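What follows is one structure encoded as structure tokens, with my remarks underneath.
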Amino acid sequence: DVQLQASGGGLVQAGGSLRLSCAASEFTFDDYAIGWFRQAPGKEREGVSCIRSSDGSTANADFVKGRFTISSDHAKNTVYLQMYSLKPEDTAVYYCAAKKDGSTWYIDWILIREYGYWGEGTQVTVSS
């Protein structure tokens, strides 16, 4: 079975940094796009960033505004989300997910229904 394991969350002060990791197994990495989503208490899950494994193309939500960088290490089948200048409103459970690659990935990457595989979330808490 496809497995995704997210890690790297924690407690950090506002302005700090964290790097989340998503380790993927049991599927051909290059056939998928890997996305990061987050869900804050009482709010809907929202897309944060996505990387197309085949060519490294990326897409980001507007609120990222250059603060977050998504990258991948094919040798390790791992996707990273480097987060800088964290704000209290970034507090959420962060999830990684995989979707089959396609020509419209840059449009539909933000749609939760497009993702067939999800990992367990990792909690990010940013204190003010």
Side-chain angles (χ1 to χ4, degrees):
D1 291 341
V2 172
Q3 294 186 359
L4 298 169
Q5 181 64 51
S7 62
L11 174 64
V12 64
Q13 289 188 334
S17 302
L18 279 174
R19 189 178 78 161
L20 305 183
S21 299
C22 176
S25 62
E26 306 301 330
F27 66 90
T28 304
F29 204 57
D30 282 356
D31 291 343
Y32 288 80
I34 307 296
W36 283 99
F37 289 77
R38 69 184 188 183
Q39 188 165 17
K43 295 188 176 181
E44 294 186 351
R45 193 170 297 189
E46 61 180 353
V48 176
S49 189
C50 182
I51 187 164
R52 193 184 194 191
S53 301
S54 60
D55 64 6
S57 299
T58 63
N60 297 286
D62 289 343
F63 62 78
V64 168
K65 292 182 180 178
R67 298 185 299 122
F68 297 177
T69 301
I70 190 170
S71 62
S72 64
D73 183 335
H74 281 228
K76 297 181 178 179
N77 266 21
T78 299
V79 171
Y80 303 99
L81 184 68
Q82 179 68 57
M83 304 186 293
Y84 299 100
S85 302
L86 284 162
K87 306 174 182 180
E89 52 263 44
D90 294 318
T91 295
V93 178
Y94 284 70
Y95 300 88
C96 61
K99 66 181 290 295
K100 289 288 285 186
D101 195 3
S103 59
T104 60
W105 79 275
Y106 61 96
I107 297 173
D108 57 27
W109 75 269
I110 207 166
L111 300 176
I112 292 173
R113 66 173 184 264
E114 292 290 323
Y115 292 80
Y117 305 101
W118 290 83
E120 297 292 325
T122 184
Q123 176 71 47
V124 172
T125 302
V126 184
S127 62
S128 57

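Note that the structure is predicted; figures quoted are calculated from it, not measured.
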Is there a side-chain contact between [X] and [Y] (heavy atoms, below 4.5 Å)?
X	Y	result
Met83	Val12	no
Ser57	Tyr106	no
Leu111	Lys99	no
Val124	Arg38	no
Cys96	Val79	no
Ser25	Asn77	no
Asp101	Asp31	no

[atom1] of [X] to [atom2] of [Y]: how many Å apart, nearest 0.5 Å?
X	Y	atom1	atom2	result
Glu46	Ile110	CD	CD1	8.0 Å
Lys87	Ser128	NZ	OG	14.0 Å
Thr104	Asp108	OG1	CG	4.0 Å
Ser17	Phe68	OG	CZ	9.5 Å
Trp105	Ser53	CH2	OG	9.5 Å

Least distance between heavy atoms, [X] atom then [Y] atom:
X	Y	value
Gln39	Ala92	O-CB, 3.4 Å
Thr122	Gly9	OG1-N, 3.0 Å
Ala14	Pro88	CB-CD, 4.1 Å
Trp36	Ser21	CH2-O, 3.5 Å

Are [X] and [Y] connected, step by step, through hydrophobic side chains (Ile, Leu, Val, Met, Phe, Trp, Tyr) whose heavy atoms are closer than 4.5 Å?
X	Y	result
Leu20	Tyr117	yes
Tyr95	Leu18	no
Tyr115	Leu4	no
Phe63	Tyr84	no
Ile112	Val48	no

Does Thr91 reach the main-chain N or O of Val126 with its side chain, forming a donor-acceptor pair under 3.5 Å?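 Side chain of Thr91 to backbone of Val126, a donor-acceptor pair under 3.5 Å: yes, one is there.
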Looking at Asp73, is its backbone amide N or carbonyl O close enough to the side chain of Thr78 to form a donor-acceptor pair, meaning the two atoms are under 3.5 Å apart?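 A pair under 3.5 Å: no.
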Test side-chain contact (heavy atoms from CB on, under 4.5 Å) on Thr58 and Ile51; report intermediate values, then the result. CA-CA 4 Å; Thr58 63; Ile51 187 164; 3.9 Å; yes
State yes or no: are the ring centers of Phe37 and Trp118 separated by less than 6.0 Å?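 Close enough - the centres of the two rings lie under 6.0 Å apart.
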Check step by step if side-chain contact (heavy atoms from CB on, under 4.5 Å) holds for Ile34 and Cys22. CA-CA 9 Å; Ile34 307 296; Cys22 176; 4.3 Å; yes
Enclosure of Glu120 CD (heavy-atom neighbours >12, cutoff 6.0 Å):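 Counting neighbours around CD of Glu120, 12 or fewer heavy atoms of other residues, nucleotides or ligands fall under 6.0 Å, so no.
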Donor-acceptor side-chain pairing of Ser49 and Asn60 below 3.5 angstrom: yes
